[in-house]
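Written below as structure tokens is the structure these notes are about.
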Amino acid sequence: KEDDSAGDSAGSGGGKKITLGFSQVGSESGWRTANSESVKSAAKEAGYTLKFSDAQQKQENQISAIRNYIAQKVDVIAFSPVVVTGWDAVLKEAKAAKIPVVLTDRSVETSDDSLYVTLVGSDFTDEGRRAAKILEKVIEKAGLKGNVKIAQLEGTTGAAPAIERAKGFKEVMDAEHKDDWKIVVSQTGDFTRAGGKQVMAAFLQSNPDINVLFAHNDDMAIGAIQSIEAAGKKPGKDILIVSIDGVKDGFVAMSEGKINAIVECNPLLGPQLMEVVKTVHDGGTVERWIKTKEGDFMQDQAKAALPTRKY
Amino acid sequence: MTTTTRWRALTRHNLFWPVAVLVALLLVNIPFTPDFFAIHMTDGHLYGSLVSIVLFGSPLILVAVGMTLVIATGGIDLSVGAVVAITGALTCSYISDQKDQDALAGVLLAMGLGLLAAVVCGLWNGFLVARMGIQPIIATLIIMVAGRGVAQLITDGQIITINSEPYKLIGGGYWLTLPFSIFVVAAVVAVTVALTRRTALGLLVESVGGNAEASRLVGIRSMRIKIMVYVFCALCAGIAGLMISSNTSAADGNNAGLWIELDAILAVVIGGTSLLGGRFSIGGTVVGALVIQTLTTTIYTIGVPTQTNLVFKAAVVIVVCLLQSPKFRAKVFGARAKTTAPATPAAAPAEPAPKMEVS
Amino acid sequence: MAEPQPVLEMTGIVKEFPGVRALSGVDFRLFPGEIHALMGENGAGKSTLIKVLTGVYTLDGGTITLDGRDVRIGSPLQAQHAGISTVYQEVNLCPNLSVAENIFIGREPTRAGRIQWKRMRKEAAEMVDRLGLDIDVTAPLSSYPLAVQQLVAIVRSVGHGDSDGSGSGTKVLVLDEPTSSLDRDEVLELFRLMRRLRDEGVAILFVSHFLDQIYEICDRMTVLRNGTLVGEHLVRDLDQVQLIELMIGKALDQLEELHDHQLHADVGESLLTAEGLGRTGGIEPFDLDIKKGEVVGLAGLLGSGRTELARLLFGADQPDAGKVTIGGKQVSMSAPNDAIGAGVAFCSENRKTEGLVPDLTVRENIILALQAARGWTRPIPTAQRDELVAKYIKALDIRPANPEARVGQLSGGNQQKVLLARWLITQPKLLILDEPTRGIDIGAKTEIQKLVVSLSEDGMSVLYIAAELEEVLRLSHTIGVLRDRKLVARLTNGPEITPSKILETIASGEQSGEQQ
Amino acid sequence: MSTTTRTPTTPDKVEGGTPSKAARLLSDRRLPVLVTAALFLAMYIAGLSRYQNYGFGDSQVFLNLFIDNGYLLVAAVGATFVILSGGIDLSVGSVIGFTTMLTAWLVQDVGLPLLVVIPISLGVGAFGGFLMGYVIHNFEIQPFIVTLAGLFLFRGLCLVISKESIAINDSAVSSLAETRVSLGLGDLSIGALVALVVLAAAFYILHYTRFGRRIYAIGGNEQSALLMGLPLGGTKIAVYTMSGFCSALAGLLFMLYIQSGDPLHAVGMELDAIAAVVIGGTLLTGGSGYVLGTLFGVLVLGLIKSIIQFEGTLSSWWTKIATGVLLCAFILIQRVMTTRKKA
Ligand SMILES: Nc1ncnc2c1ncn2[C@@H]1O[C@H](COP(=O)(O)OP(=O)(O)OP(=O)(O)O)[C@@H](O)[C@H]1O
Ligand SMILES: Nc1ncnc2c1ncn2[C@@H]1O[C@H](COP(=O)(O)OP(=O)(O)OP(=O)(O)O)[C@@H](O)[C@H]1O
Ligand SMILES: [Mg+2]
Ligand SMILES: [Mg+2]
């Protein structure tokens, strides 16, 4: 099916329109959907033909999608890998077919660095580190004295963001707060609000003295806030909350004073990706890792930032 | 003598083992959370672990109750999770479009809309299974796959957050100091029990599940009954969907009710209903669902490391099933029972033994 | 006959089920080269004894010796290895497999582990042929009626010895009511086979409720009552009356009276008319007229289409031609509901697959049809229900008389009675009974026949199918004769109609008697 | 009764009707497989005409169906055994995931050679299946539940080995993974070839060994099979062992396919396997079906996936909806075609 043939004019340098094959992980969260939308609209704006496929969180689907892109002879392949490992074979096929590959969102482990051109995206471990750093500020601001008892709401067990965010956070904690910070409980909330709420309710029963919550994403934090309130405590005051992502609802909660700080993980990397695709297609060189523009937000910045939140 | 016979009668009761496991699981928490059974007033409502088990377990109980009837007819419904998602998505997106999200009429209408969608899903499942004769697992797989897509289509792939006090009541609110969802569950369970045991529906369902051909030949309109149970199951899933979305005041098309079908089926089986169809027990299902929810809560509170959650769950499931298996009990406890009570068989009278316990 | 060593000896056998003591201290001996009848009323414990012997149930007490050695048989497989072949009461074969496979499964001819299908089919065809059956052995078993399935089961168990080639062969052959659904021809064929095996030295245990058959073929018998041993006798030492008295445990008075009963004459106007009703592959289009209070019997050989005819009248199968009028109104026979709504009841010959819901209780099974007719919204009031159920349990003498017992745990005969009760309770206008006396003991059989007579006197019409021609003749006003799945004749009963006359009609396929 | 005269030579036994009826019934049993195969072809041709310009017609695209679904085929063959015997195995996906983790861990972290690791993994999978079969048979617990516990257990064990995925850089693995066997029309991977061999072996076992026929018998009627003196327990346990083995083998193929172990690999793949078996015309109640049908079931699922990828414009949720709709259309058409023939 030939579509979008009307948008030809915007193509690169008047030549043939670039065809980009993009394999998305899935649509497991609002963040991911915003990411997909960003890629789609940016591709349209840039006038590329976009072949988009959703892998439903399965690596095998992504691999077969990439194979199909190779069979269809697209110009550039981009994908957000479901997992970091296991891409060598299919990337070698792409290389053999002389199709450049751009990673988005996260990196892969390969034996041969030439298998992909560049990575556009953030780094989950770094987000964990930033979360720990900003927690320092939050604690200082709130004037919390004594031991910091942290409850951690992890993402889906085995999922990379969950593992790496926890890793980054722990790294900083072990290095700088070995004595005064302690993660007293840690469980998976599956990145969902319902999960966050349920797990937090149980935490508050078994460890009523928790005073800090670190959630691997905003949704779990929002769920946890409800449980904290149900237990008669004040989120943001009795229990300080730091989370990652920066979705709109997170900012709303932060502007209400219920979340103390958010580490942003920006999904809107479509435009950046399109630029990279064009450069790569035209044979230009790009950096190995193009970081997305992201910020850390404290409560006082929330009100101002809220209107700019799109997703 | 009388105590031993009473004890034996008790252990023979079909709810004995599930309840025993439930109690055991609750007790496991004590060393980890000493005031596990404590319940106190907070903000004008009761608060405590037991309350939250019931609160968070409500959706599972609802889905499992619906699932029980489907399983009793010899079917299975994999689509409940998707129905949960669709109902929540539709209701929340309707409410979020309203100017005044607190308007009761709007909320009711939204809920009606959501439940209607659930009923449509149920009708479709029933149609495929009863009318077209497609195997239930595959017939309901269709909505399981497509339904989540539909839910995400409705929510645009985002989590829709709403801010509606009346809607919050169903799944997250309190009434008479208790979670409102307890009342919803109680009502649904009561209606189901009444529907199946006060009318002849239960008998007909068991008959269809027990021997479909014989049921046809006694003139039971099994097609109608099957469609009915699938619709009922979807409706229960729909109510659970309202509850889940109301609990967090948000509709998550992708994650709401994810894998709830497996837990529901597990609850039904722990409750003593056979997956082959026939005899069913609503009471057993409720206990089964509580066992699963307690297990989940226990995992959270006793500090099982996340990576061993599933191993722990598997171990408990295996233990429950082994305890419920008469064969296992005979093999493990049988030897001991024989040595401790040799008098009982000898003393058994020649006349017919006492009437069996009837539920 | 000098007392040789028994091949099988069971002593002090005890078997308990929760709430029931099915066998209490039964002794049983079986000698090589004899055909030994196991007798007793429904629920006496015959099948249980057989299942204990073959390892289906574990025994709770007693010993079994085979060839003088103590044995513990833990499963039917072990029983087979020990040389015991069994045909159980309910047909126990795999409906999804072909006839040939059912005969051979577990011991298929193989070469280097590979099944030789051709050889297996050929041998199966020969074996089936030897019993006088002419069927396609590659067709799935489920495509044949119960009687054929029963024969296949017999072929399987008998064939076990010969084709094994192992030399050991069958020492003991157990047949639990194998003749209950066979007609005369097949029975004779079976008997011929049994005699041959007996002469080869096989010990045969035979269960049947047909006393004539017992007297025809058996040498010795063991009588059970209520799970206890009543006695062991040589068949020639006991006459039928004595035997029955042993079985039921009291003097016998009313059994004979049916033999010379008069068919009542007040047959009313037409109740059901079928015109050109038929189904391709089932039965050719036929006309049939059943009057109010009339008993119509169907006669025919095995597989002649009696069941098919009955099923069409009930809407169990959908006819593809013809119409049915009941009470002056045309009824579309698209589903059983239509027929039930018009007052037709159908008691299937195959109680296991088409009749009972084994997991439900006796009470629930009995009220099922009535409840279905009332619809789910109108449950039968508890008091009325219990009264009705109690009444029919008593009337049909269902044992155990516990309405809470699971039907699946009842003895075969008692299950049949539950099925009957289910339909009697709906008080239909036309009652179709397909082999209602299958597996029912002699006392109950008479009861059921008396019941049919009294029902028809009260104005109920009955369509009666039974393997025994005498039974049909005794009860029916009119007899429909079927042959090759075609209704070939309708005979009005009278003194000149005898079993041989009917057999002649079947053989010639023509209406030799007077036209209706 | 005793007075009955011998039947005069009855010209008995229906001749004409029987064979044709039998033939009809026989063909009925194979019909679902034929219909599935025909529908698969129809779907493929439809895909051809729609995506011709995108290289759908390339024979490699067809062969990719085997390469990309080889592991699923092996898993589905295992599931076919279980389903034919009247059971069900929900642990398939988890065992696959577990095998990838175990092999990756053994090869990468422990440093065992692949040749040692393969039998270990297969053995562990088969042993897992054996345990489940043992519990199912000996304690008479419903297979659905036992294997559900297996699902939790093996997934849990994956995470116990490691929460993170493990890449395999073993040269033996990558050379195996990258080996392609040319068929003239295109290439097949080792995984695809193994899958085809497994399929052939399964066909032979099911139709030409006593064990295979026992599986059908047990699926047809377990109680009867027992009374007919078939070794019920042994067969059932063997069936689950076999399924465990197939799952582990599928796990190895999957490991080859993606050259890594990850605790979240193959989540929910049991449903794909069961769906493939059922689409292939096997009855979930057991006793009826063909392993060839399973092949077409797997191919149909793979084709649906390919078509959606070729379409290339579907957003995430439309992908799910389209999968459901295609599946539904397929099942309905299959159903209508098989019933019309019967009437
Ligand atoms: N599985 C079982 N569970 C409980 N009770 C049983 C079971 N099987 C048989 N019984 C009981 O054992 C008794 C003997 O039954 P059995 O089947 O041996 O009778 P039978 O002599 O074969 O009768 P019939 O002539 O009707 O076949 C009956 O009272 C029956 O209800
Ligand atoms: N040679 C045969 N012997 C027995 N049955 C056969 C034979 N040939 C065909 N049949 C089967 O007989 C069936 C019709 O039998 P039906 O059940 O109506 O007979 P029936 O007269 O009721 O016999 P039964 O005494 O077994 O109840 C057909 O479906 C056909 O498959
Ligand atoms: Mg019996
Ligand atoms: Mg018949």
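On a predicted model such as this, the values are computed, not experimentally measured, just so you know. First the proteins, then the strands, lettered A, B, ... as listed; each starts at 1.
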Look up atom [atom1] in [X] and atom [atom2] in [Y], then write down how far apart they are to the nearest 0.5 Å.
X       : Y       : atom1 : atom2 : answer
L271(D) : I137(B) : CG    : CD1   : 7.0 Å
L275(B) : I88(D)  : CG    : CD1   : 9.0 Å
L128(B) : C328(D) : CG    : SG    : 5.5 Å
L310(B) : L151(D) : CG    : CG    : 8.0 Å

What I'd like to find out is whether the side chain of [X] reaches to under 4.5 Å of the side chain of [Y], using heavy atoms alone.
X       : Y       : value
I141(D) : I318(B) : no
L148(D) : V317(B) : no
V311(B) : F152(D) : no
V325(D) : I142(B) : no

Region of [X] that comes under 4.5 Å of a non-hydrogen atom in chain B:
X       : result
V146(D) : neither
I321(D) : both
L283(D) : both
V267(D) : side chain
L153(D) : both

Audit row: V278(D), L141(B), side chain to side chain contact (heavy atoms under 4.5 Å, CB included) steps and yes/no: CA-CA 11 Å; V278(D) 174; L141(B) 185 70; over 6 Å; no

Listed partners of A104(D) passing side-chain contact (heavy atoms from CB on, under 4.5 Å), at least two apart: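 Only I166(D), I168(D) meet the side-chain contact (heavy atoms from CB on, under 4.5 Å) criterion with A104(D).
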
Between L266(B), L78(B), I76(B), the one whose heavy-atom pairs under 4.5 Å with chain D are most numerous: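 Answer, by heavy-atom pair count under 4.5 Å with chain D: L266(B).
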
When V145(B), L153(B), L322(B) are compared by non-hydrogen pairs under 4.5 Å with chain D, the top option: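 Option with the greatest count: L153(B).
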
side-chain hydrogen bond (donor to acceptor under 3.5 Å, both in side chains) against S245(B), all qualifying residues, sequence neighbours excluded: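 Residues passing side-chain hydrogen bond (donor to acceptor under 3.5 Å, both in side chains) with S245(B): Y167(B).
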
Contacts of type side-chain hydrogen bond (donor to acceptor under 3.5 Å, both in side chains), residue T294(B), not counting sequence neighbours: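 Not a single residue meets the side-chain hydrogen bond (donor to acceptor under 3.5 Å, both in side chains) criterion with T294(B).
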
Heavy-atom pair with the smallest gap, counting every atom of A146(B) and G324(D):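 Of all heavy-atom pairs spanning A146(B) and G324(D), the closest is CB-CA, 3.9 Å.
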
Donor-acceptor pairs under 3.5 Å, chain B to chain D, main chain and side chains both?
| residue | atom | partner | partner atom | Å |
| --- | --- | --- | --- | --- |
| M132(B) | O | R335(D) | NE | 2.6 |
| G133(B) | O | R335(D) | NH1 | 3.4 |
| Q135(B) | OE1 | L284(D) | N | 2.6 |
| Q135(B) | NE2 | T282(D) | O | 3.2 |
| Q152(B) | OE1 | K320(D) | NZ | 2.9 |
| N254(B) | OD1 | K320(D) | NZ | 3.0 |
| L275(B) | N | Q142(D) | OE1 | 2.8 |
| S325(B) | OG | F139(D) | O | 2.6 |
| K327(B) | NZ | E140(D) | OE2 | 3.1 |

